[in-house]
> 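Mind having a look at this structure? Questions to follow.
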Amino acid sequence: MQDIASLIRDASVHSSLYADPAIFDQEMATIFGKGWVYVGHASEIPRRGDYVRRTMGLEPVLLIRGADGIHVVANRCAHRGNLLCQPERGNRRTLACQYHGWIFSPDGALLDMPLSSVEPDASLHLKRARVDSYNGFVFATFNPSPIPLLEHLGHAVHALDRQINLSPEGEIELRGPWIKHLFRANWKMLSENEADGYHVGFVHDSFTKSVGTPGKYGNILSGEEDRITAVVRYLGNGHTELDYGPTYDRPMTWLGVDETRYPDYTRDMIHRHGEPAAREIMRAGPPHTFIFPNLFLAETCLVMIQPLGVGETVNWHTPLYLKGAPEELNRRIMRQGEVALGPSSFLTADDAIIAERQWRALKGSPAWLDLSRGQSRETTTESGVVVSHYTDETPNRGFWQCYRNIMADTAQPTL
């Protein structure tokens, strides 16, 4: 027997990590079953009784707001396993099973068993997750003794702050709709790709050239390595980042406009942050950051990664609206998301095709895969963040080192 850690070297990984169903099953039990998983945003369930259906790995769950706060419970009756809520979203003060009528509270407690003289006890409650949040971003885990959420997020909190600081009220809103794309590929291929700058000039060449926004992509499409000023980062704990901020020389370039387009927004941002800070926030723009294992802050969109099987993954996305911003600005955010990730966009289709081809090839041809690009030019900040050139595989190496630490004790057959 050989453990999973032996399939991960300093600058290469083995293809079985993507294609072996046994490894996938262990990931669901370990990474998604014991670690912090992003499940939703508080703005999606504003009223008492509001819920949305989500998953933690393969486990169907409900993100629901009760009288005492937000809960995450299994969307599965504790009696005979019936799905409690079928609609994707709704409002319920209690959760009633349609099979035998058992009734549960939003926190999962069994309230009633019709036609029964047995008193409900704790063994019959719904499976409950521990829940914590950061500025509205809700995470959950089935681990009874997890590390604190802030410890898991680590340096990724700066990306969440960067996102909400673009709002004049310091909050983002998810209003929907969610767009879902099925990738016939392993979930880690999506996770790795979120902070991979190396592929952009090849896979997305037609998209980036067609956008044609001055200052938006010219830097990274120059074809000259030394001219590219965007950087990649490994933030620790599996979190990765591709930062386009260094390529922007004026506020609002990331949205393809000049700041004079939305004077009320500029005024409100200055009022909230002060002029120097507001102009820097508006210049640097939103993050392009992956938060392990399933959340991607894709600049003006939020993406969730949902594994379905070893070779199937759903990519969810929805616009990240800025609370308090002019509606016309939020409308542009929505349109920009449509262009990048929408149903008829280039970007998601490009990535889906590459991921599916990659997975098919690896499934049928086991091999070691190289991740060595840029090892010699990485630098590490005093806080421990690893930084390198936009095209370097620093985020990939960091992702896999975190994965190895989590999965180190998992045994798999020898190759």
> Closest heavy-atom contact between A195 and P395?
O-CG, 3.5 Å
> For E44 and W178, test the side chains for any donor-to-acceptor distance below 3.5 angstrom and give the result as yes or no.
yes
> Report the distance from atom CG of L149 to atom CG of D132, rounding to the nearest 0.5 Å.
4.5 Å
> Between the side chain of H155 and the main-chain N/O of S383, is any donor-acceptor distance below 3.5 Å?
yes
> Could you tell me whether the side chain of R128 and the main chain of V73 form a donor-acceptor pair under 3.5 Å?
no
> If we only count heavy atoms from C-beta on, is the V386 to T379 side-chain gap below 4.5 Å?
no
> For the residue pair L95 and I64, establish whether any side-chain heavy-atom pair is separated by less than 4.5 Å.
yes
> Contact between S12 and W400 at the side-chain level, heavy atoms closer than 4.5 Å - yes or no?
no
> Give a yes or no on this: more than 12 heavy atoms of other residues, nucleotides or ligands lie within 6.0 Å of atom NE2 of H271.
no
> Looking at R53 and Q86, what are the two nearest heavy atoms and their distance?
NH1-O, 2.6 Å
> Okay, side chain of T318, backbone of P177: is any donor-acceptor separation there less than 3.5 Å?
yes
> Hey, are D258 and R261 close enough for a salt bridge, meaning a charged N less than 4.0 Å from a carboxylate O?
no
> Measure the CD1-NZ distance between I147 and K34 for me, rounded to the nearest 0.5 Å.
14.0 Å
> Please check: side-chain N/O of N186 versus main-chain N/O of V310, any donor-acceptor pairing under 3.5 Å?
yes
> Does one side chain, of D107 or H71, offer a donor that lies under 3.5 Å from an acceptor on the other?
no
> Quick one: does NZ or CZ of K127 land under 6.0 Å from the six-membered ring centre of F142, within 45 degrees of the ring axis?
yes
> Does R175 make a cation-pi contact with Y321, if we ask for NZ or CZ under 6.0 Å from the ring centre and within 45° of the axis?
yes
> Within the distance-only criterion (no hydrogens, no angle test), does the side chain of S6 pair as donor or acceptor with the backbone N or O of D3 below 3.5 angstrom?
yes
> Please check this pair: side chain of N91 against backbone of R48, looking for a donor-acceptor N/O pair closer than 3.5 Å.
yes
> Any ion pair linking R397 and D10 (charged N to carboxylate O, less than 4.0 Å)?
no
> Taking the six-membered ring for Trp, is the centroid-to-centroid distance between F32 and W187 below 6.0 Å?
yes
> Within 45 degrees of the ring normal and closer than 6.0 Å to the centroid, is that where the cationic atom of R9 sits relative to W368?
yes
> Quick one: does NZ or CZ of R373 land under 6.0 Å from the six-membered ring centre of Y198, within 45 degrees of the ring axis?
yes
> Does a donor on one side chain sit under 3.5 Å from an acceptor on the other, for E171 and S167?
no
> Do R76 and N82 come within less than 4.5 Å of each other through their side chains, counting heavy atoms only?
no
> Would you say the side-chain atoms of Y265 and N330 include a donor-acceptor pair closer than 3.5 Å?
no
> So, R331 and E328, do they make that salt bridge, N to O below 4.0 Å?
no
> Nearest 0.5 Å, please: how far is CD1 in I305 from NZ in K188?
11.5 Å
> Atom CH2 of W36 and atom CE of M56: how far apart are they, to the nearest 0.5 Å?
8.5 Å
> Does any donor atom in the side chain of Q306 or W316 lie under 3.5 Å from an acceptor atom in the other side chain?
yes
> Any idea which heavy atoms bring R162 and G285 closest together, and the distance?
NE-O, 2.8 Å
> Is it the case that the side chain of S388 and the backbone of D392 share a donor-acceptor pair, with hydrogens and angles ignored and the cut-off at 3.5 Å?
no
> Taking C-beta and beyond as the side chain, do H79 and L124 meet within less than 4.5 Å on heavy atoms?
no
> Would the distance check show the side chain of R332 and the main-chain N or O of L255 forming a donor-acceptor pair, the cut-off being under 3.5 Å?
yes
> Go through it in stages, so that I can follow the logic: the residues are E192 and Y403, the test is side chain to side chain donor-acceptor pair (under 3.5 Å), and I'd like the CA-CA distance, side-chain angles, deciding distance and then a yes or no.
CA-CA 11 Å; E192 285 186 278; Y403 179 96; over 6 Å; no
> Of all heavy-atom pairs between Y390 and Y244, which one has the smallest distance, and what is that distance?
OH-OH, 2.9 Å
> Mind checking whether Y38 and F137 have parallel, tilted or perpendicular rings, split at 30° and 60°?
tilted
> Report yes or no: do T141 and N143 form a side-chain donor-acceptor pair below 3.5 Å?
no
> Could you tell me whether the side chain of V257 reaches within less than 4.5 Å of the side chain of L329, counting heavy atoms only?
no
> So, do L7 and I23 sit near enough that their side-chain heavy atoms are less than 4.5 Å apart?
yes
> In this structure, which one of L174, L166, I164 forms a side chain to side chain contact (heavy atoms under 4.5 Å, CB included) with L320?
L174
> About how many Å separate CG of N75 and CG of L62, when rounded to the nearest 0.5 Å?
4.0 Å
> Considering all heavy atoms of both residues, which atom of H152 and which atom of H239 are nearest to each other, and what is their separation?
O-NE2, 2.7 Å
> Strictly below 4.0 Å, N to O, side chains only: are R272 and E169 in salt-bridge contact?
no
> Passes side chain to side chain donor-acceptor pair (under 3.5 Å), T394 versus E378? Steps please.
CA-CA 7 Å; T394 298; E378 292 179 349; 2.9 Å; yes
> Return the minimal non-hydrogen interatomic distance between L110 and H125, and the atom names on each side.
N-ND1, 2.9 Å
> Test your reading of the model: is there a side-chain donor-acceptor pair from T55 to the backbone of E59, 3.5 Å cut-off?
no
> Taking E88 first and then K180, would you say they form a salt bridge - that is, a charged N and a carboxylate O separated by under 4.0 Å?
yes
> Give a yes or no answer on whether the side chain of D50 reaches the backbone of R47 with a donor-acceptor pair at less than 3.5 Å.
yes
> Can you tell if the side chain of I406 reaches within under 4.5 Å of the side chain of T30, non-hydrogen atoms only?
yes
> Atom CD1 of I4 and atom CD of Q26: how far apart are they, to the nearest 0.5 Å?
6.0 Å
> Do the two ring centres, one from F290 and one from F296, sit under 6.0 Å apart?
no
> Does the distance from a Lys or Arg side-chain N to an Asp or Glu carboxylate O, for R184 and E356, drop under 4.0 Å?
no
